[in-house]
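Since the structure comes first, as structure tokens, the remarks are kept for the end.
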Amino acid sequence: MARLVYSLGVSLDGYIEDPDGNIASVPGEDMHRIANEQAREAQALLYGRRMFELMEPYWTDVAGRQDEVPDVEAEFARAYVETPRIVFSDTLETVPDGVRLVRSADAHDEVERLKERPGGHLDLGGAELAASLFDLVDEVAMWVSPVVVGGGKRFFPEVRAEFTFVEARPLDGGLLYVRYER
């Protein structure tokens, strides 16, 4: 049975974006290596529309010019384009080849079905999608940046949930990678 893993970068005060929509951190090489491993091991990458629109054009472009970027980024781009991607959206009409579109209303049923499949984990990105599926989340993985942004888009929805500590790794630039499971 596949595990649903919700992972994103987050500020010390729990936000994935500040009030202006800026992300909390830019990945260093050590952070990228962890993300590369997660992408390689995933059976699918699950995104909400906004996260998909951030990830898809950038990483498919990098995949097409791997000789021009650092090896760690080229490695992620390869894993990204080789892994099935599913975007949950009610506003997108079409998606590129290699991507499957599922309507948001069907997200819960689709993820329950995907979790029944054997294989790697399901990598969940996007705070709004994660909030709608939070009861199905088996694990959270966070890249905690040493910055307080004071508001914006929260990593966690406003629900109570209990998790057990799994791992913590210090990273370059004062970042901390932490994992918890239900």
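What you see below is based on every heavy atom in this structure, not just the backbone, and it leaves out hydrogens, waters and symmetry mates. Just so you know, these numbers come straight off a predicted model, no measurement behind them.
Every residue two or more places apart in sequence or in another chain that forms a side-chain hydrogen bond (donor to acceptor under 3.5 Å, both in side chains) with Thr91 is listed here: Arg49, Ser89.
Nearest heavy-atom pair, Pro19 versus Gly151, reported as atom, atom and distance to 0.1 Å: CD-O, 3.1 Å. Closest of all the heavy-atom pairs between Leu45 and Ala42 is CD2-CB, 4.1 Å. Counting all heavy atoms, side chain and backbone alike, Trp59 lies closest to Glu73 at CZ3-O, 3.4 Å. Closest approach of Pro118 and Gln43 over heavy atoms only: O-NE2, 3.5 Å. Nearest heavy-atom pair, Leu101 versus Arg103, reported as atom, atom and distance to 0.1 Å: CD2-NH2, 3.6 Å. Contact between Arg182 and Asp135 at its shortest, heavy atoms only, is NH1-O, 3.5 Å.
Electrostatic pairing of Arg33 and Glu29 counts as a salt bridge here, judged by a charged N lying under 4.0 Å from a carboxylate O. Between Lys115 and Asp138 there is a salt bridge, since a side-chain N of the basic residue sits under 4.0 Å from a carboxylate O of the acidic one. Comment: Glu53 does not engage Arg50 in a salt bridge, judged by the lack of any side-chain N to carboxylate O separation of less than 4.0 angstrom. Salt-bridge formation is detected for the pair Asp61/Arg65: a Lys NZ or Arg NE/NH1/NH2 atom is positioned less than 4.0 Å from an Asp or Glu carboxylate oxygen.
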Checklist entry - Would Arg3 and Glu181 count as a side chain to side chain contact (heavy atoms under 4.5 Å, CB included) if you check the C-alpha gap in whole Å, the side-chain angles of each, and the deciding distance to 0.1 Å? => result CA-CA 10 Å; Arg3 296 174 51 78; Glu181 63 184 20; 3.4 Å; yes
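With rounding to the nearest 0.5 Å, the separation of CG in Asp106 from CZ in Arg113 is 11.0 Å. With values rounded to the nearest 0.5 angstrom, Arg169 atom CZ is found 12.5 Å from Met31 atom CE. For the atom pair Lys153 NZ and Asp18 CG, the distance stands at 12.0 Å (nearest 0.5 Å). Annotation: the span from Met142 atom CE to Tyr6 atom OH amounts to 9.5 Å, rounded to 0.5 Å. One distance of note links CD of Glu75 with NE2 of His32; it measures 10.0 Å at 0.5 Å rounding. Here the CD1-CD distance, from Ile34 to Glu167, works out to 7.0 Å after rounding to the nearest 0.5 Å.
Cluster membership check: Val5 does not share its hydrophobic cluster with Val159, using side-chain heavy-atom separations under 4.5 Å among Ile, Leu, Val, Met, Phe, Trp and Tyr. The hydrophobic cluster containing Leu175 does not contain Val72, counting ILVMFWY residues as joined when their side-chain heavy atoms lie under 4.5 angstrom apart, directly or transitively. In the hydrophobic clustering of this structure, Phe155 groups with Phe165; members are Ile, Leu, Val, Met, Phe, Trp, Tyr whose side-chain heavy atoms approach within less than 4.5 Å, directly or through other members.
No donor-acceptor pair closer than 3.5 Å links the side chain of Asp13 to the backbone N or O of Val148. Looking at Gln66, its side chain does come within 3.5 Å of a backbone N or O of Ala63 through a donor-acceptor pair. With hydrogens and angles disregarded, no donor-acceptor distance shorter than 3.5 Å links the side chain of Asp20 to the backbone of Asn22.
Around atom CG of Asp71, no more than 12 heavy atoms belonging to other residues, nucleotides or ligands sit under 6.0 Å away. Within 6.0 Å of the CD atom in Glu139, the count of heavy atoms belonging to other residues, nucleotides or ligands exceeds 12.
Ring geometry for Trp143 against Tyr177 counts as tilted: the plane angle lies between 30° and 60°, on a 0 to 90° scale. Taking the six-membered ring for Trp and thresholds of 30 and 60 degrees, Phe156 and Phe163 have ring planes inclined between 30 and 60 degrees apart.
Judged by the 6.0 Å distance and 45° axis criteria, Arg100 is not positioned over the aromatic ring of Phe52.
Among residues at least two apart or in separate chains, there is no ring pair (Phe, Tyr, Trp, His ring centres under 6.0 Å) pair with a member in residues 85-122.
Between Leu4 and Leu46, the closest side-chain pair of non-hydrogen atoms falls below 4.5 Å. Looking only at side-chain heavy atoms (C-beta outward), Ile86 and Leu122 stay at 4.5 Å or farther from each other.
Among Val144, Val166, Val140, the single residue meeting the side chain to side chain contact (heavy atoms under 4.5 Å, CB included) criterion with Val178 is Val144.
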